[in-house]
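Here is the structure we will look at.
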2 protein chains.
Amino acid sequence: MVERDTREHARREPASDDATAAPRGRPGRREKNKEDKLRRIKDVARELFVSKGFDDTTIRQIATRADVGLGTVFIYAATKRDLLFLIANEGLDEVASTAAASVDPEAALIDNLLGVFGPHYAFFARQPELSRLVLREMAFYDSGAQAGSFQKTREALIELLGTIVRHAAERREIATDEAPQFVGWTIFCIYQVELRRWLSDGTIDLESGLDRLRRALMLLIRGLGSGSGTTR
Amino acid sequence: MVERDTREHARREPASDDATAAPRGRPGRREKNKEDKLRRIKDVARELFVSKGFDDTTIRQIATRADVGLGTVFIYAATKRDLLFLIANEGLDEVASTAAASVDPEAALIDNLLGVFGPHYAFFARQPELSRLVLREMAFYDSGAQAGSFQKTREALIELLGTIVRHAAERREIATDEAPQFVGWTIFCIYQVELRRWLSDGTIDLESGLDRLRRALMLLIRGLGSGSGTTR
DNA sequence: GTTCAAAAATGAACGCGTTCAATAAAGGCG
DNA sequence: CGCCTTTATTGAACGCGTTCATTTTTGAAC
């Protein structure tokens, strides 16, 4: 309990009122407001999750390195899983927005789809370890505030896919009885499992991953009825 | 280790002539060989997982009710998750075999696919709680003997789907550039996520579940190019 | 500056899954 | 049977995620 005071604890200065005596960490723990703590917890957690893995990182380690109490971590994340989503949600929302903005109602269906999935793949490729963890923990996880946010983003994606399909139908690029929403869902199914497979097999190559996804999506668009894409 | 003999110990007595003065559970433990223990552990675990849920069931409870030591459970299942797969694999192999046997090279593609997926859906519907647990724990789980067996079964299914597609291609029901294996994989993607969705939404109705799966698969077979299924 | 109620932070304590050194049982041999 | 080797079984011990009664900090009112 004493030997871990080698941490950066040097913040207990009362600071008095002399101007020069405290160039580093000035007042005590006061300046560390909630945002500061959240920031520190997130940063430490991300670093440890990536470097040591999710299971081998303990919340005690995170708390110590973030210079907060053990219980404090649970104020910001209901569970360890939720802590993972807290990190994963950073950037993912932005990716989703970017993807949504890139949709062009006049563009070809496959281009719009890859315009949406491309940024997602790139995002996951940027932090493959974390992504694998997220996709591993994602399935069926529905408790915890951050997990909720994660699922909201996912549902928005499905709806976006439906919208893209609707555009293609309105332009008469495609014509199907099924509701655009349902087609969007089916596309999402393919995306989900393909993404998981891609992240699972060792080398995460963005180009080949997206290429395989394109092949699968083209299969759905063209159907199995005719070969070569050109209707022979 | 004596006071928990309030269990249902009424197992077979070893031998009649040995009715010595040791009525307190001593001789009973001898006849319990490995198979017996495995059987008891499985049965108890299944019952508790279904009745109380996976997370609320403790291995200590399982060990006590199965009348084995705590550590003994870990001889038969490397982890708690593996214990779940130990149970799930019972019957699933059989379902997979049944499904494989039902394939008719001359039958329509969609019929063969539903002939394979139907028994699977029925199996999952038979024990919905357990199925949800399995699908929750399944993603990315690759350590543990039972999980390995589970994934083998899964890969066999994907290959079976490829074979079904190949049959359809050989009969000229379909014609596509893509390798049958890849088409089978894409079908598997749809099946996976659809199955998960079906098990997630409260009421698990077999017929409506399979109907929705059929719609999604027909989408893939027909493609998005033409409406109504009948080519105009 | 003092007071005080509300909010935030904390770490001891709890029950869990998992490990493993110790123990018991089984089996082979003379 | 006794003796020894091998195998199976066990539960105390460990470190973990999580809880929550307690303590500390905060900021408004005086």
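Side chains included, hydrogens not; waters and symmetry mates left out as well; all remaining heavy atoms used. Below, chains carry the letters A, B, ... as their sequence lines are ordered, and counting in each starts from 1.
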- Query: Do B:Asp43 and B:Arg39 pass the salt bridge (charged side-chain N to carboxylate O under 4.0 Å, His left out) test, and can you show the C-alpha distance, the side-chain angles, and the key distance before you say yes or no?
  - Reply: CA-CA 6 Å; B:Asp43 288 347; B:Arg39 184 72 271 141; 3.1 Å; yes
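Evaluation of the side chain to side chain donor-acceptor pair (under 3.5 Å) test over residues 182-192 of chain A, restricted to residues two or more places apart or in two chains, returns A:Trp185-B:Glu194. Screening residues 144-164 of chain B for ring pair (Phe, Tyr, Trp, His ring centres under 6.0 Å), with sequence neighbours left out, gives B:Phe85-B:Phe150. Among residue pairs with one or both ends in residues 49-61 of chain B, those qualifying as side chain to side chain donor-acceptor pair (under 3.5 Å) are B:Lys52-B:Gln61, B:Asp55-B:Arg136; sequence neighbours excluded.
Map B:Val73 and A:Asp56 each onto its nearest nucleotide of DNA chain D; the residue landing nearer the 5' end is B:Val73. A residue-by-residue look at A:Ile75 and B:Ala78 shows that A:Ile75 has its nearest nucleotide of DNA chain C further toward the 5' end. Place A:Gly71 and A:Gln61 on DNA chain D by their nearest nucleotides, and A:Gln61 ends up nearer the 5' end.
Checking the phosphate oxygens (OP1, OP2) of C:dA8, no side-chain nitrogen or oxygen of A:Tyr76 falls inside 4.0 Å. Phosphate proximity of D:dC16 to A:Lys80: absent, as no side-chain N or O sits under 4.0 Å from OP1 or OP2.
Note: CZ (A:Phe74) to C1' (C:dA8) measures 16 Å, nearest angstrom. Note: CD1 (B:Ile62) to P (C:dT18) measures 11 Å, nearest angstrom. Between the CG atom of B:Asp55 and the C1' atom of D:dT19 there is a distance of 17 Å, given to the nearest Å. Atom CD1 in B:Ile59 sits roughly 18 Å away from atom P in D:dC16 (whole-Å rounding). Rounded to an integer number of Å, the gap from A:Phe54 CZ to D:dC16 P is 14 Å. Atom-to-atom, CG of A:Leu84 to P of D:dG17 comes out at 13 Å; the value is rounded to the nearest Å.
Contacts of B:Thr58 with the nucleic acid, taken as non-hydrogen atoms under 4.0 Å apart, involve only primed sugar atoms and P, OP1 or OP2. Heavy atoms of B:Leu70 sit under 4.0 angstrom from at least one base atom.
In this structure, the side chain to side chain donor-acceptor pair (under 3.5 Å) partners of B:Lys42, at least two apart in sequence or on a different chain, are B:Glu90. Legend: residues meeting side chain to side chain contact (heavy atoms under 4.5 Å, CB included) with B:Ala88, ordered by chain and number and at least two apart, are B:Val134.
For the helix from C:dG1-D:dC30 to C:dG30-D:dC1, the terminal axes (five pairs an end, C1' atoms, rotation from four pairs onto the next four) enclose an angle of 20°, given to 10 degrees.
A donor-acceptor contact shorter than 3.5 Å is absent between the side chain of B:Asn89 and the backbone of B:Ser149.
When each of C:dA13, C:dT10, D:dA13 is scored by its nearest atom to the side-chain atoms of A:Arg60, the top-ranked nucleotide is C:dA13.
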